[in-house]
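Beneath this line is the structure, given in structure tokens, with notes to follow.
Side-chain atoms are counted along with the backbone in the values below, which use heavy atoms only and exclude waters and symmetry mates. First the proteins, then the strands, lettered A, B, ... as listed; each starts at 1. As the structure is a computational prediction, the values presented were derived from the model and not from experiment.
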Number of protein chains: 2
Amino acid sequence: MSLVNKSIYAILGILSIQPSTGYDIKRYSDKVLSGFWNENFGHIYPTLKKMIESGLIENVPGEVEDRKIKYAITEKGKGELKKWLSEEIQTPAVRSELMLKLLFGNDMSKEATIDMLSKQKDIHEENLIKYLTMQQELTCEGSQITAKRSVYYNAILRKGIINSAANIEWCEETIESLKKLKG
Amino acid sequence: MSLVNKSIYAILGILSIQPSTGYDIKRYSDKVLSGFWNENFGHIYPTLKKMIESGLIENVPGEVEDRKIKYAITEKGKGELKKWLSEEIQTPAVRSELMLKLLFGNDMSKEATIDMLSKQKDIHEENLIKYLTMQQELTCEGSQITAKRSVYYNAILRKGIINSAANIEWCEETIESLKKLKG
DNA sequence: GGTTTCATGTAACATGTTACATGATTCT
DNA sequence: AGAATCATGTAACATGTTACATGAAACC
């Protein structure tokens with residue numbers, strides 16, 4: 001079992017912002033990275049252990065208070081993060097269940113297909129609102145994010161907004177084209 | 001090892017169009033499903049075996065000529081396909097390396113970030129052309145796709161087109177916003 | 001006092017990719 | 001004749017999720 005790759009960079013990145021516990025990392029990916037990156041405990045804790053072993057992170061001394069275990073990025077970890085950042089991004093393999101179902105939509109009733117697309121549209125509309133809200137939170141209060149980072153974070157939110165809008169548009173036009181179909 | 005789920009529905013769907021060999025299935029996902037769904041041999045062949053065992057597909061009699069093994073969907077398989085089509089789509093977990101790198105873009109030079117985004121833009125531009133070409137091929141010659149299915153297939157291509165365009169737009173605006181940044 | 005959230009962790013499972021092995025056929 | 005494509009398959013690896021177990025602290 002490797003249980004490493006990909007997650008280690010997310011963890012290194014989060015720890016480069018500030019020292020955190022495993023729980024903090026999970027919370028960060030659920031809230032800040034919501035919709036772009038996900039982590040789960042079954043991955044986080046074993047990965048943290050391996051990263052300690054390889055010297056990419058370390059326990060924060062004096063902070064091992066109650067039952068929390070706080071980690072910080074080391075110089076070696078910072079180097080590893082920078083190295084990864086400069087590497088080419090490999091395009092991920094896509095497996096869209098929606099597209100698959102639509103392609104075999106012949107075997108589905110028109111109504112069921114429209115219903116499926118409506119549900120997708122609802123999801124994207126919810127997401128759009130979520131990203132717009134996050135964007136407002138970013139611009140209003142200074143929050144914990146530094147000004148420089150906020151430019152990057154705003155770009156990420158814009159990506160969510162643009163993609164959600166595109167998906168909504170597509171759902172609508174596809175529903176319309178199906179309604180025009182006879183049978 | 002299960003080596004089943006998800007792939008079985010792609011296979012059932014493809015076989016519902018016409019009987020095919022494992023190789024045909026791979027080719028179909030590379031060409032027709034390109035960008036929406038991917039399959040690999042390490043998955044296809046073991047899955048086909050399991051599907052034979054569970055009676056979802058069968059060998060096409062008399063067609064086991066040379067070294068090709070052709071499979072066809074059974075009535076049970078058709079039922080399974082329809083059942084899956086009516087099930088709710090679960091939203092897939094997202095892990096976007098690009099977004100992760102952008103979020104930690106603080107640790108990257110501005111130029112490197114812009115370069116990264118340019119490369120992404122190029123990829124999406126290539127994809128856009130690919131989808132537009134596929135759309136033209138669909139409308140010009142009748143190809144092998146039936147008229148009814150072509151409506152669904154066109155919707156899929158439209159999805160690729162709209163998404164590619166949205167991504168290009170986002171790359172451009174993000175590059176611009178970074179260029180305006182000092183430092 | 002009970003529920004929710006915080007907090008850490010493991011084991012089993014699910015899923016998917018890559019590398020390798022083999023050999024026929026077709027194209028140049 | 002040699003290279004590319006067709007064709008099938010396995011084993012090892014890589015990766016990721018879910019369910020379970022445990023218990024403290026905070027909230028209501």
Detail all sub-3.5 Å separations between protein N/O atoms and N/O atoms belonging to nucleotides 18-21 of chain D.
none

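- With the nearest nucleotide of DNA chain D identified for both B/R27 and B/L48, B/R27 has the one nearer the 5' end.
- In the hydrophobic cluster analysis, where Ile, Leu, Val, Met, Phe, Trp and Tyr join through side-chain heavy atoms closer than 4.5 angstrom, B/L181 is grouped together with A/L157.
- A salt bridge between A/E53 and A/K50 is absent, with no side-chain N of the basic residue lying under 4.0 Å from a carboxylate O of the acidic one.
- The environment of B/K82 atom NZ is sparse: at most 12 non-hydrogen atoms of other residues, nucleotides or ligands sit within 6.0 angstrom.
- Within the 4.5 Å cutoff, no side-chain heavy atoms of A/E97 are placed close to those of B/E87.
- Between A/Y71 and the choices A/V60, A/L56, A/D24, A/I52, the side-chain contact (heavy atoms from CB on, under 4.5 Å) rule is met once, by A/I52.
- Side-chain N or O atoms of B/K159 include none that pairs as donor or acceptor with a backbone N or O of A/T174 at under 3.5 Å.
- Between B/N38 and C/dT17, a side-chain N or O to OP1/OP2 separation shorter than 4.0 Å is present.
- A side-chain contact (heavy atoms from CB on, under 4.5 Å) with A/I123 is found for one member of A/Q120, A/E125, A/K121 and no other, namely A/Q120.
- Considering only the side chain of A/Y45, C/dT10 comes nearest among D/dG9, D/dT5, C/dT10.
- Contact check of residues 83-103 of chain A against DNA chain D (heavy atom, cut-off under 4.0 Å) returns no residues at all.
- Taking side-chain N and O atoms only, B/T21 has no distance below 4.0 Å to OP1 or OP2 of D/dC6.
- Regarding contacts with the backbone of D/dT10, a side-chain N or O of B/K49 is found under 4.0 angstrom from either OP1 or OP2.
- Side-chain contact between A/K119 and A/M116 is absent, with no heavy atoms from C-beta onward closer than 4.5 Å.
- A close approach under 4.0 Å does not occur between any side-chain nitrogen or oxygen of A/K26 and OP1 or OP2 of C/dA7.
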